Amino acid sequence: QVQLVESGGGLVQAGGSLRLSCAASGRTLSTYAMGWFRQAPGKEREFVSAINWSGGGTYYGDSVKGRFTISRDNAKNTVYLQMNSLKPEDTAVYYCAAGPPGATRSYEYYNWGQGTQVTVSS
């Protein structure tokens with residue numbers, strides 16, 4: 001079991017930036033991928049990005065490629081999502097999750113954080 005706590009959400013104007021953090025604790029993370037998903041009201045949960053804890057391979061959803069960057073800090077057991085050039089359509093609750101390496105589908109992930117709200121105003 002991995003415990004995940006997200007932080008860093010908030011309100012930002014279009015074109016601005018935010019950095020989300022996900023602090024992980026519990027089991028050894030080396031065999032996991034850490035993913036970010038988001039869900040807007042009335043919409044399905046959408047894959048945003050993921051990083052393999054071991055090896056550092058990264059994956060991005062098409063809607064965020066070139067704007068968002070995922071990274072990790074091994075010493076702090078923390079994953080970050082740097083979000084630049086934010087758009088109103090990025091508004092959603094963002095969730096951090098732990099799953100198998102290379103996973104990009106929400107059903108593949110088995111531990112989830114509580115979510116953090118990101119609101120982008122136009």
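Model, not experiment: these values are computed from the prediction. All values below come from the heavy atoms of this structure, side chains included, with hydrogens, waters and symmetry mates left out.
Taken from CD in Glu6 to CH2 in Trp112, the straight-line distance is 9.5 Å, to the nearest 0.5 Å. Once rounded to the nearest 0.5 Å, the distance linking OG1 of Thr69 with CE of Met83 reads 11.0 Å.
The two residues Ala40 and Ala92 make their nearest non-hydrogen contact at N-CB, 3.8 Å. For the residue pair Ser30 and Ser54, the shortest heavy atom distance occurs at O-CB, 3.2 Å. When all heavy atoms of Ala98 and Met34 are compared, the closest pair comes out as CB-SD, 3.9 Å. Closest approach of Thr104 and Glu108 over heavy atoms only: N-OE1, 3.2 Å. Ser17 and Ser85 get closest at one heavy-atom pair: OG-N, 4.4 Å. Of all heavy-atom pairs spanning Ala50 and Ala103, the tightest one is CB-O, 3.9 Å.
Around the CD atom of Gln114, the shell of radius 6.0 Å holds more than 12 heavy atoms that belong to other residues, nucleotides or ligands.
Screening residues 88-100 for side chain to side chain donor-acceptor pair (under 3.5 Å) gives Arg38-Asp90, Arg38-Tyr94, Arg67-Asp90 as the qualifying pairs, with residues at least two apart or on separate chains. Every pair passing ring-ring contact (aromatic ring centres under 6.0 Å, His included) that includes a residue from residues 47-76 is listed here, sequence neighbours excluded: Phe37-Phe47. Identified under the salt bridge (Lys or Arg N to Asp or Glu O under 4.0 Å) test for residues 69-88, with sequence neighbours left out: none.
Using a 4.5 Å cut-off between side-chain heavy atoms of Ile, Leu, Val, Met, Phe, Trp and Tyr, with links allowed through other members, Val64 and Tyr109 fall into different hydrophobic clusters. Under the 4.5 Å side-chain heavy-atom criterion for Ile, Leu, Val, Met, Phe, Trp and Tyr, Val2 and Tyr110 are members of the same hydrophobic cluster. Tracing side-chain contacts under 4.5 Å through hydrophobic residues (I, L, V, M, F, W, Y), one never reaches Tyr80 starting from Leu20; they form parts of separate clusters. Residue Leu86 is grouped with residue Val48 when hydrophobic side chains (ILVMFWY) are merged at heavy-atom distances under 4.5 angstrom, including chains of intermediate members. Hydrophobic cluster membership is shared by Val79 and Leu4, with clusters built from Ile, Leu, Val, Met, Phe, Trp and Tyr side chains linked at under 4.5 angstrom.
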